[in-house]
Amino acid sequence: DGGITQSPKYLFRKEGQNVTLSCEQNLNHDAMYWYRQDPGQGLRLIYYSQIVNDFQKGDIAEGYSVSREKKESFPLTVTSAQKNPTAFYLCASSRDRTGEDTEAFFGQGTRLTVV
Amino acid sequence: DAKTTQPTSMDCAEGRAANLPCNHSTISGNEYVYWYRQIHSQGPQYIIHGLKNNETNEMASLIITEDRKSSTLILPHATLRDTAVYYCIVRFSNSGYALNFGKGTSLLVTP
């Protein structure tokens with residue numbers, strides 16, 4: 001089945017450790033996104049990528065890093081510089097072709113807890 | 001992208017129509033109106049989108065006013081599984097930017 005997969009669903013890390021969240025899509029989408037969601041809040045954009053080997057910072061990129069070496073994959077690293085890393089992380093993808101309206105498809109999220 | 005305003009929460013009886021309003025008074029001519037919903041602890045799900053005309057699909061209907069400054073998402077026969085947070089988002093189709101989610105409307109469908 002086509003879709004977007006995030007793993008793992010739950011992740012626990014000790015404070016001060018870097019952690020990488022996986023996001024894979026087999027929809028042949030050009031654009032991929034990472035969002036963060038805190039309890040009772042909407043989604044906030046961390047990073048996005050419109051094409052392989054290129055990505056841009058979103059509204060809250062500090063303390064995070066990404067790579068886009070393959071079209072299908074857009075991993076997010078939460079570094080020790082992120083002061084409040086405990087959150088629900090969501091990955092999304094879309095065709096994002098210029099001039100066409102496109103919908104975004106979301107993964108089921110990774111809930112990260114840093115202790 | 002234009003900003004949107006939605007009520008914080010709404011209730012609806014099961015089997016009745018749920019009408020979720022959204023104000024987007026600063027929308028420009030090339031911006032689309034998108035609706036997504038998020039069931040608790042899951043990723044958001046696309047519902048519908050439109051530019052000027054009313055739209056309908058298997059999930060919902062989208063009514064956009066003639067001046068495009070507001071819209072209404074209609075779930076014709078709400079079920080308990082429609083309980084979720086509904087997000088109204090306005091964006092250019094080719095902006096290259098990700099969707100800008102606000103806090104949305106928390107819809108509770110009651111038996």
Side-chain angles (χ1 to χ4, degrees), chain A residues 3-7 9-10 21 23 25 27 29-51 54-61 66 74 87-112, chain B residues 1 3-9 22 27-53 55 57-60 62 64 68 73 84-108:
Chain A
I4 183 164
T5 303
Q6 290 186 245
S7 61
K9 189 171 176 66
Y10 298 95
L21 281 60
C23 179
Q25 54 98 358
L27 301 166
H29 285 170
D30 290 314
M32 297 187 73
Y33 315 87
W34 274 105
Y35 290 89
R36 169 185 172 135
Q37 187 173 35
D38 294 288
Q41 303 296 314
L43 282 67
R44 291 185 291 168
L45 181 65
I46 304 173
Y47 268 98
Y48 66 99
S49 168
Q50 292 178 262
I51 196 168
D54 187 46
F55 48 83
Q56 284 78 40
K57 293 181 178 180
D59 300 321
I60 55 165
V66 293
F74 191 41
F88 188 45
Y89 290 88
L90 287 157
C91 180
S93 70
S94 67
R95 282 184 297 149
D96 202 31
R97 292 177 188 167
T98 299
E100 295 183 20
D101 52 301
T102 62
E103 63 182 89
F105 293 81
F106 283 81
Q108 289 304 297
T110 293
R111 192 167 297 279
L112 173 65
Chain B
D1 294 340
K3 186 175 179 179
T4 62
T5 303
Q6 299 177 253
T8 302
S9 63
C22 180
I27 193 171
S28 67
N30 296 328
E31 289 184 303
Y32 286 75
V33 179
Y34 284 78
W35 283 85
Y36 283 75
R37 73 179 183 184
Q38 186 179 24
I39 295 170
H40 184 63
S41 294
Q42 296 184 22
Q45 176 191 23
Y46 165 82
I47 301 173
I48 198 168
H49 73 277
L51 182 62
K52 296 179 182 178
N53 300 321
E55 302 288 343
N57 62 21
E58 64 278 4
M59 289 183 68
L62 173 61
I64 302 174
R68 302 187 72 239
L73 179 74
V85 177
Y86 287 77
Y87 297 98
C88 170
I89 301 160
V90 174
R91 69 182 288 262
F92 290 104
S93 66
N94 61 345
S95 67
Y97 288 96
L99 298 161
N100 185 12
F101 287 80
K103 293 189 178 180
T105 296
S106 179
L107 176 68
L108 176 64

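On a predicted model such as this, the values are computed, not experimentally measured, just so you know. Sequence lines set the chain letters: A, B, ... in the order given, protein chains first and strands last, and positions in each chain run from 1.
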Q: Quick one: closest heavy-atom pair of B:Tyr34 and A:Glu103, and the distance?
A: CE2-CA, 4.3 Å
**Q.** Minimal non-hydrogen separation, A:Arg111 against B:Ser41, with atom names
**A.** NH2-OG, 3.3 Å
Q: Using side-chain hydrogen bond (donor to acceptor under 3.5 Å, both in side chains) as the criterion, list what pairs up with B:Gln45, not counting sequence neighbours.
A: B:Arg37
**Q.** Partner residues of B:Phe101 under the ring-ring contact (aromatic ring centres under 6.0 Å, His included) criterion, sequence neighbours left out
**A.** A:Tyr35, A:Phe106, B:Tyr36, B:Tyr87
Q. So which heavy atom on B:Gln38 is nearest to which on A:Phe88, and how close?
A. NE2-CE2, 4.1 Å
Q. For the residue pair A:Leu90 and B:Pro44, what are the closest heavy atoms and their distance?
A. CD1-CD, 3.9 Å
Q | Region of A:Gln37 that comes under 4.5 Å of a non-hydrogen atom in chain B | A | side chain
Q | Heavy-atom neighbours of B:Ile39 CD1 exceed 12 at 6.0 Å | A | yes
Q | Contact class of B:Ser106 relative to chain A, heavy atoms under 4.5 angstrom | A | neither
